Amino acid sequence: MPDLRAPRGMHDLLPEDEALWRFVRDTAERVARLFDYRLISTPIVEDSHVFLRTVGDESDIVSKEMYLFDDRGGDHLALRPEGTAAVARAYLEHGMASRPQPVRLCYFGPMFRYDRPQAGRYRQLWQFGVECIGDASPSADVEVIELQRTLYEELGLGDLKLRINSIGTAETRRRYVEALRSHLEPHVATLSRDSQRRFETNVLRILDSKEDAEHPALQSVPSILDYLDEGDEAHFTEVRALLDTLHVTYEVDPRIVRGLDYYARTVWEFEPAGAGGQSTVGAGGRYDGLIELLGGPHTPGVGFATGIERIMLNLKDRPTAVEAPRVDLYVAPLGEAVNGAAMHAARRARAAGFAVRAGFPGRGMRAHFRAAESANARFIAIVGENEATRDVVQLKPLDVTDAEQREVAFDHLAEALR
RNA sequence: GUGGGCGUCGCCUAGCGGUUAAGGCGCCAGGUUGUGGCCCUGGAGACCGAGGGUUCAAAUCCCUCCGCCCACCCCA
């Protein structure tokens with residue numbers, strides 16, 4: 001057992017996982033393009049205030065999960081725990097408010113949260129996310145949900161369940177939190193310790209406690225939907241109407257509250273049918289107050305983020321057609337003396353766009369064939385003394401049994417590989 | 001942060017007080033002195049997670065630590 005390992009909760013992505021990973025990434029970028037969302041890459045590190053100001057002091061992300069450090073110049077930096085605040089910062093910094101609104105952006109990259117790892121939860125996690133900034137209409141919410149739904153469908157995860165809710169504006173939540181507090185107050189003593197703590201810090205969080213889910217006080221809890229104001233109500237109604245028109249199936253779940261403070265109005269989650277554990281594959285919401293928290297003008301926005309590892313987790317349970325990578329040609333030099341000639345042959349093939357695995361001298365014929373086999377090569381080119389002096393190779397197809405082998409000059413190698 | 005399970009070659013697993021620590025996959029080589037996939041033979045590869053203790057004897061029992069996994073919390 002080596003004494004140096006990858007940091008806790010962080011993982012190496014091995015070549016054999018690459019194909020599936022690339023499939024997910026390519027699909028995400030392709031679907032984003034279908035909706036005209038453009039890729040933006042922000043630094044992995046931000047001024048810590050980008051998150052401290054926006055995410056919410058009571059959130060676990062800020063209170064215990066951030067990787068914080070000071071650099072040599074004394075700047076307070078954070079490894080980004082999520083993408084939205086960083087994208088919003090870039091929107092502001094680059095004056096994107098003066099572009100045609102809304103601005104449609106997407107990102108793909110690693111996020112960092114110092115948390116105890118478990119199934120589907122990592123300290124370095126990859127997210128794909130989408131942000132539609134600068135438009136307050138329900139159409140924007142639905143466009144983002146539709147993009148996310150399309151993505152899952154294209155990935156083969158079309159059976160994920162969508163649950164949506166509206167948590168109103170900050171004012172709505174103030175009134176609701178008050179009602180929630182007075183509803184729960186008489187029962188505090190009988191709630192779990194965690195919920196008792198949350199009663200003081202963040203009452204909304206009690207709603208998604210697994211421990212107290214069966215508690216009578218929670219069964220009879222008031223619904224936030226009854227506290228929406230007229231504008232919230234109209235917005236949510238329109239979102240649902242549009243989803244219905246598109247035949248998107250969803251379930252309204254008044255228990256959904258997002259972990260981050262900047263959310264407003266529409267919030268949603270996608271999870272597998274047999275939910276449990278760290279099951280949420282992707283979640284999103286509207287964040288009309290976020291850019292103000294960063295010191296900008298009031299700017300509406302809506303987006304989602306989805307966890308790549310969680311997508312992979314769900315993908316691994318089902319048959320996916322991801323073809324194994326293969327090589328066009330394996331070049332087998334028989335001895336040191338012909339190594340240069342073999343390298344020339346390889347260069348010719350590569351120049352024509354063929355993938356070539358170079359065998360190195362010092363191995364026997366059988367070893368070369370086995371290596372070519374394991375590279376899943378279409379052809380093997382044998383270069384011995386006899387061939388090297390005449391600039392030719394013995395070329396043999398490997399896919400068929402008892403294939404005919406023929407002599408091919410370097411000059412004709414590319415066409416022979418076609 | 002809390003609770004539970006587990007750590008034996010690169011991977012999977014056997015062994016559960018006395019074995020040169022076993023097998024499969026993979027890797028390397030030979031059988032075929034320049035021709036693959038199958039088969040056969042051989043080889044390399046493990047201070048049995050670390051440290052301490054019990055014992056004539058510890059991979060096996062006990063303690064501590066570390067790591068991984070799972071659940072809670074929280075979240076993607």
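Below, chains carry the letters A, B, ... as their sequence lines are ordered, and counting in each starts from 1. Just so it is clear, the structure is predicted and the values come from calculations on it, not from any experiment. Only heavy atoms go into these numbers, but all of them, side chains included; no hydrogens, no water, no symmetry mates.
- For the pair Met10(A) CE and C68(B) C1', the interatomic distance rounds to 16 Å; values are reported in whole Å.
- Note on Asp36(A) versus Arg104(A): no salt bridge recorded, every NZ/NE/NH1/NH2 to OD/OE distance being 4.0 Å or above.
- On the C1' atoms, U60(B) is 12 Å away from U19(B), given to the nearest whole Å.
- Side-chain contact check for Glu82(A) and Gln127(A): no donor-acceptor pair (N or O, by modelled atom type) lies under 3.5 Å.
- One cannot find a donor-acceptor pair under 3.5 Å joining the base of G67(B) and the side-chain atoms of Arg8(A).
- Going from the C1' atom of G7(B) to that of A50(B) covers 11 Å, rounded to whole Å.
- Between Phe369(A) atom CZ and G30(B) atom P there is a gap of 15 Å when expressed in whole angstrom units.
- Base engagement by Glu387(A) is indicated by at least one non-hydrogen atom pair under 4.0 Å involving a base atom.
- Toward the 5' end of RNA chain B, the nearer of the two residues Tyr114(A) and Ile380(A), judged by each one's closest nucleotide, is Tyr114(A).
- Electrostatic pairing of Glu178(A) and Arg174(A) does not count as a salt bridge here, judged by no charged N lying under 4.0 Å from a carboxylate O.
- Of the N and O atoms on the side chains of Glu131(A) and Tyr37(A), not one donor lies less than 3.5 Å from an acceptor on the other residue.
- For Arg370(A), no side-chain nitrogen or oxygen approaches OP1 or OP2 of U35(B) to under 4.0 Å.
- Per the geometry, OH belonging to Tyr263(A) stands 10 Å off P belonging to C75(B), to the nearest Å.
- Comparing G4(B) with G15(B), their C1' atoms sit 26 Å apart, to the nearest whole Å.
- Atom pair Phe360(A):CZ and C28(B):P shows a separation of 14 Å (rounding to whole Å applied).
- For the C1' atom pair drawn from G30(B) and C11(B), the interatomic distance equals 25 Å after rounding to whole Å.
- Residue-level contact check: Val400(A) touches the bases, meaning some heavy atom is under 4.0 Å from a base atom.
- Judged purely by distance below 3.5 Å, without hydrogens or angles, the side chains of Thr266(A) and Asp141(A) pair a donor atom with an acceptor atom.
- Donor-acceptor pairing under 3.5 Å, judged by distance alone, is present between the side chain of Arg113(A) and the base of A76(B).
- Side-chain contact check for Thr54(A) and Tyr287(A): no donor-acceptor pair (N or O, by modelled atom type) lies under 3.5 Å.
- Of the candidate nucleotides A76(B), C69(B), G34(B), A76(B) has the atom nearest to the side chain of Gln127(A).
- Between Glu29(A) and Arg25(A) there is a salt bridge, with a side-chain nitrogen of the basic residue lying less than 4.0 Å from a carboxylate oxygen of the acidic one.
- For Glu65(A) and G1(B), a side-chain-to-base donor-acceptor distance below 3.5 Å is absent, hydrogens and geometry of angles not being considered.
- Side-chain to base pairing of Gln405(A) with U35(B): one donor and one acceptor N or O lie within less than 3.5 Å of each other.
- Remark: the separation of the P atoms in C47(B) and A71(B) is 31 Å, to the nearest Å.
- Atom pair Phe51(A):CZ and A76(B):P shows a separation of 13 Å (rounding to whole Å applied).
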## Note on the structure
For RNA chain B, the expected dot-bracket line (Watson-Crick or G-U under 3.5 Å, [ ] crossing, | inter-strand) is ((((((((.[[[[.)..(...]]]].(((((.......))))).....[[[[[..)....]]]]])))))))....
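- Closest to the side chain of Gln118(A), out of G36(B), A71(B), U35(B), is A71(B).
- Note: CG (Leu395(A)) to C1' (U35(B)) measures 13 Å, nearest angstrom.
- Under the 4.0 Å criterion applied to side-chain N and carboxylate O atoms, Arg286(A) and Asp288(A) are assigned as salt-bridge partners.
- Counting non-hydrogen atoms under 4.0 angstrom, Ala283(A) reaches the backbone sugars and phosphates but no base.
- Taking atom CZ of residue Arg363(A) and atom P of nucleotide G34(B), one finds them 16 Å apart after rounding to whole Å.
- For Gln394(A) and G34(B), the shortest distance from a side-chain N or O to OP1 or OP2 is not below 4.0 Å.
- Remark: the Arg116(A) side chain and the G3(B) base include a donor-acceptor N/O pair separated by less than 3.5 Å.
- Both tests pass for Arg123(A) against the ring of Tyr114(A): distance under 6.0 Å to the centre and angle within 45° of the axis.
- In this model, a donor atom of one side chain and an acceptor atom of the other lie less than 3.5 Å apart for Glu271(A) and Ser279(A).
- As judged by a 4.0 angstrom heavy-atom cut-off over every strand, Ala332(A) is placed among residues making no nucleic acid contact.
- Between G30(B) and Arg366(A), no contact under 4.0 Å exists linking OP1 or OP2 to a side-chain N or O.
- As judged by a 4.0 angstrom heavy-atom cut-off over every strand, Phe304(A) is placed among residues making no nucleic acid contact.
- Taking atom CZ of residue Arg123(A) and atom P of nucleotide A76(B), one finds them 18 Å apart after rounding to whole Å.
- Nucleotides of RNA chain B nearest to Gly362(A) and Pro7(A) differ in position, and the one nearer the 5' end is that of Gly362(A).
- Using atom C1' as the reference point in both A58(B) and C40(B), the two lie 39 Å apart (nearest Å).
- Closest to the side chain of Thr280(A), out of A71(B), C68(B), C75(B), is C75(B).
- Separating the C1' atom of C68(B) from that of G49(B) is a span of 10 Å, rounded to the nearest Å.
- Taking atom C1' in both U54(B) and C12(B), the straight-line distance is 33 Å, to the nearest Å.
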